[in-house]
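These notes concern the structure reproduced below.
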Amino acid sequence: MSKRALSTSREENFPEWYQVVVRDGDMAETSPVRGCMIIKPWGWGVWERIQAELDQRIKDTGHENCYFPLFIPMSFIAKEAEHVEGFAKEMAVVTHHRLKNEGGKLVLDPEARLEEPLIVRPTSETIIGDAFQRWVKSYRDLPLLINQWANVVRWEMRTRLFLRTAEFLWQEGHTAHADRADAMAETMRMLEVYREFAESVLAMPVIAGEKPANERFPGADNTFSIEAMMQDGKALQAGTSHYLGTHFAEAQNIQFQSAEGKLEHCHTTSWGVSTRLIGGVIMTHGDDDGLRLPPKIAPRQIVIVPMLRDKPEDAAVIDYCTALEKELKAKGIRALVDAKPVKSAEKRWSWVRRGAPVILEIGGRDVSGGNVTYMRRDRLRDGDKVVSHAKTRDAFVAEAASLLDDIQASLFQEAKVRLEGNIVAGMKSFDEVSAYFGATETDDEAGGTFKGWVEVPWARPEGGELEAIADKLKALKLTIRNAPLGQGKAAGKCIFTGKPAKESILIARAY
RNA sequence: CGGAGCGUAGCGCAGCCUGGUAGCGCACCUGCUUCGGGAGCAGGGGGUCGGAGGUUCAAAUCCUCUCGCUCCGACCA
């Protein structure tokens, strides 16, 4: 008879469920500025964990952090034709540097119009390239390996908290290399960093692969992505890594003198992941009681809720909890006693909705017996019933770290089974693909029938042929996600062109 | 920016058709009783009904405009 902690379920209405999890999980809310979000302390705590873990990996692979301006001169963006084309429609532009008071109303001061408008960065290839042009003179300056943590703005039509917001936070890596091989190795190295990070830190299994030409970053020669499967079967692009060839180097004069004394253009790369990852975590691990956070990114891993009764004995319970918290912290665990004067049942459910991995409830009897009672958020219920476990306090403290490891592993395993069990291979024609997805035309609003991804052989068509295929897929709300790495020689024929297949690609609905 | 729907208390909603000056559940505050678990009873606080105009003796309700949100489409990390 036990009720759920949320007002809606994944099955009833997945998009609404997502919003409720974000709100009730205290992650973020919409702001007075259209399309922008306020990230609340709990959501920000998750982002801080993501930053800390990923930043370490970025540094371990030889990169240095720095910071470039938020504003980019419009002329910079205009230099790379494809880049302009790709971003022109979604840029925020600063045109004035002063307001004036006109009859009690604030208006733009026409005399304060900027000679050259400034773009609020949608990404920083151009302004970083401008610096690279000055920093790189010799082959001895290469490779140049830079990263920055920043906010960027893309004026999106439709926004959803974390998944697509007008302003979002990310890290963007930018590197310059002497040749294609070195730049490509960098591109793949960072893709692998993302894959490993997503799986081991976010417990989010992904498929790493190369994007088809029509899904490339504006100005890139090759774009690679990691794709994750959400619980509604849709794909989420969780990270990208681009080999930019010499396009930006040519547009911006990033040149070096080789050992042979020849002047050559650099080969550049860029790669990034954003706050969108948090949306991915929510849709990968959330359940009908709210968020379930992997311990590695949970701002608080173990939350201790004292069962207070407004009696003198409360003091002993709080002391017991505080001592326990201290012990756990000494072991490097992010523990918290929630002693707020709020009904304990309320506190329990609010931590459930926020997805704290382990929730302890400590009452007088635990104190006198030297025990703890706890719940695992990843396996909160057996059927409908909430499951609590009991242990001696000493045993709990001794095993706390491995309990967290176990939760991390179990969340990953659950998601991995879902991903691997829902990629359908073996279809021989587009009609089969169409039939597979076709049955779910009407179910976008409600959860509807779950449809996973389809893996099919194709001949890697380009140009107009690819455009036509993309349009055909679009009619079914489908996109090509990527061509997974490490696949063997593709067998059979391309399901679109009938030509001998070159590789397999994943087709899915996507965010 | 197009199509559809919706804006009434923190959240979820009723009231609108048939205008009469705002209500329910949860949450919140106080008290008492409970309490190894999402408690009961009693009392209470909180809304210029998204905003601006208009019609009217009177507007949450009718009309016009506007802003915002959600879903769908186009675009996209």
Side-chain angles (χ1 to χ4, degrees), chain A residues 1-8 13-16 18-20 23-24 29-35 85-91 122-123 152-172 194 211 215-218 223 225-228 235-242 270-280 289 305-311 313-314 317 341-353 359 361-369 371-373 375 384-386 388 390 441-446 471 474-475 477 479 510-511:
Chain A
M1 71 133 273
S2 159
K3 47 180 179 171
R4 295 282 158 175
L6 299 182
S7 59
T8 188
N13 187 331
F14 197 85
E16 188 186 324
Y18 176 80
Q19 290 182 70
V20 171
R23 187 190 70 211
D24 290 2
E29 57 190 42
T30 52
S31 73
V33 183
R34 184 199 176 89
E85 184 60 29
F87 283 103
K89 282 161 281 183
E90 50 188 56
M91 292 199 277
T123 177
V152 288
V153 169
R154 296 180 190 175
W155 214 257
E156 299 294 345
M157 291 286 141
R158 219 176 114 201
T159 60
R160 311 174 78 176
L161 293 176
F162 291 117
L163 295 174
R164 171 160 299 108
T165 45
E167 178 191 22
F168 58 96
L169 308 179
W170 75 348
Q171 59 64 219
E172 48 179 324
Y194 288 158
K211 287 282 190 188
E215 302 274 353
R216 275 182 203 140
F217 174 76
T223 287
S225 71
I226 52 171
E227 303 280 335
L236 181 80
Q237 180 171 309
T240 51
S241 187
H242 316 286
S270 69
W271 28 272
V273 301
S274 71
T275 35
R276 173 178 247 203
L277 286 176
I278 296 174
D289 289 303
V305 178
M307 310 304 293
L308 303 177
R309 302 175 61 181
D310 276 334
K311 300 239 166 91
E313 301 86 81
D314 286 356
V317 177
V342 170
K343 276 187 287 185
S344 31
E346 261 326 300
K347 287 194 276 191
R348 172 215 273 202
W349 290 103
S350 86
W351 287 111
V352 165
R353 284 187 291 266
I359 301 165
E361 293 183 327
I362 304 294
R365 217 174 297 159
D366 289 309
V367 175
S368 49
N371 295 321
V372 302
T373 305
M375 288 168 289
D384 270 352
K385 233 184 112 201
V386 173
S388 333
E441 272 306 283
T442 56
D443 57 38
D444 265 311
E445 288 182 36
D471 285 349
K474 198 184 279 179
K477 300 177 185 171
T479 54
Y511 279 97

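Both backbone and side-chain heavy atoms feed into the values below; hydrogens, waters and symmetry mates do not. So you know, we letter chains A, B, ... as the sequences are listed, proteins then strands, and number each from 1.
- With distances taken from any side-chain atom of A/T373 to the nucleotides B/A74, B/G38, B/G37, the minimum falls on B/G37.
- The CZ atom of A/F87 sits 16.0 Å away from atom CH2 of A/W155, with the distance rounded to the nearest 0.5 Å.
- With both pairing distances under 3.5 Å, B/C65 is matched to B/G51 as a Watson-Crick or G-U wobble pair.
- Closest to the side chain of A/R309, out of B/C35, B/A77, B/G38, is B/C35.
- Using a 4.0 Å heavy-atom cutoff across all strands shown, A/G86 reaches no nucleic acid atom at all.
- Side-chain N/O atoms of A/R160 include one lying less than 4.0 angstrom from OP1 or OP2 on B/C71.
- Comparing B/C57 with B/G12, their C1' atoms are spaced 37 Å from each other, to the whole Å.
- Close to B/G12, at under 4.0 Å from its OP1 or OP2, lies a side-chain N or O of A/R23.
- Partner assigned to B/C26 is B/G10, using Watson-Crick or G-U wobble distances below 3.5 angstrom.
- With rounding to whole Å, A/M307 atom CE is found 18 Å from B/U34 atom P.
- Side-chain proximity of A/E156 to B/A77, B/G37, B/G73: nearest is B/A77.
- Straight-line distance between the P atoms of B/U61 and B/C16: roughly 12 Å, to the nearest whole Å.
- Checking the phosphate oxygens (OP1, OP2) of B/C71, a side-chain nitrogen or oxygen of A/Q19 falls inside 4.0 Å.
- Separating the P atom of B/C67 from that of B/C26 is a span of 38 Å, rounded to the nearest Å.
- Side-chain atoms of A/Y194 come within 3.5 Å of backbone atoms of A/G272 as a donor-acceptor pair (strictly under, hydrogens ignored).
- Distance, A/K347 NZ to B/A27 P: 16 Å, rounded to whole Å.
- When the P atom is used for both B/G20 and B/A58, the distance is 14 Å, rounded to whole Å.
- Using atom C1' as the reference point in both B/A39 and B/A22, the two lie 31 Å apart (nearest Å).
- One can place CE of A/M91 at 14 Å from C1' of B/C75, the figure rounded to the nearest angstrom.
- A/E29 places its CD atom 14 Å from the C1' atom of B/C69, with the value rounded to the nearest Å.
- Between B/G25 and B/G44, the distance separating the two P atoms is 14 Å to the nearest Å.
- Ring stacking holds between A/W349 and B/G38, with the centres under 5.5 Å apart and the planes within 30 degrees of each other.
- By the 6.0 Å contact criterion, CH2 on A/W170 is enclosed, its count of non-hydrogen atoms from other residues, nucleotides or ligands being greater than 12.
- Distance from the side chain of A/E90 is smallest to B/C75 among B/A77, B/C72, B/C75.
- Of all nucleotides listed (B/G73, B/G38, B/G37), B/G37 comes nearest to the side chain of A/E361.
- With sequence neighbours excluded, the residues that form a side-chain hydrogen bond (donor to acceptor under 3.5 Å, both in side chains) with A/T373 are A/D366.
- Nucleotide B/G2 forms a pair with B/C72, judged by Watson-Crick or G-U wobble geometry with both contacts under 3.5 Å.
- Taking 4.0 angstrom as the limit, A/K474 places none of its side-chain polar atoms (N or O) nearer than this to OP1 or OP2 of B/A74.
- The same atom, P, is picked in B/C11 and in B/G43; the two are 27 Å apart, to the nearest Å.
- Base pairing annotation: B/C32 forms a Watson-Crick or G-U wobble pair with B/G40, both donor-acceptor distances under 3.5 Å.
- Every salt bridge (charged side-chain N to carboxylate O under 4.0 Å, His left out) that A/E361 has, sequence neighbours left out, goes to A/R348.
- Note: CZ (A/R348) to C1' (B/G37) measures 6 Å, nearest angstrom.
- A/I359 places its CD1 atom 13 Å from the C1' atom of B/G37, with the value rounded to the nearest Å.
- Considering only heavy atoms from C-beta on, A/R276 comes within 4.5 Å of A/L236 through its side chain.
- The CG atom of A/D384 sits 15 Å away from the P atom of B/G38 (whole-angstrom rounding).
- In this structure, the nucleotide among B/G37, B/A39, B/A77 sitting nearest to the side chain of A/T165 is B/A77.
- Residue A/E346 contributes atom CD, which lies 18 Å from atom P of B/G10 at whole-angstrom precision.
- Contact annotation: the side chain of A/W349 never approaches that of A/D24 to less than 4.5 Å [non-hydrogen atoms, C-beta and beyond].
- If you check B/G20 for Watson-Crick or wobble pairing at under 3.5 angstrom, you find it paired to B/C57.
- For B/C65 and B/A74, the P atoms lie 29 Å apart once the distance is rounded to whole Å.
- OP1 or OP2 of B/C69 lies within a sub-4.0 Å distance of a side-chain N or O belonging to A/R34.
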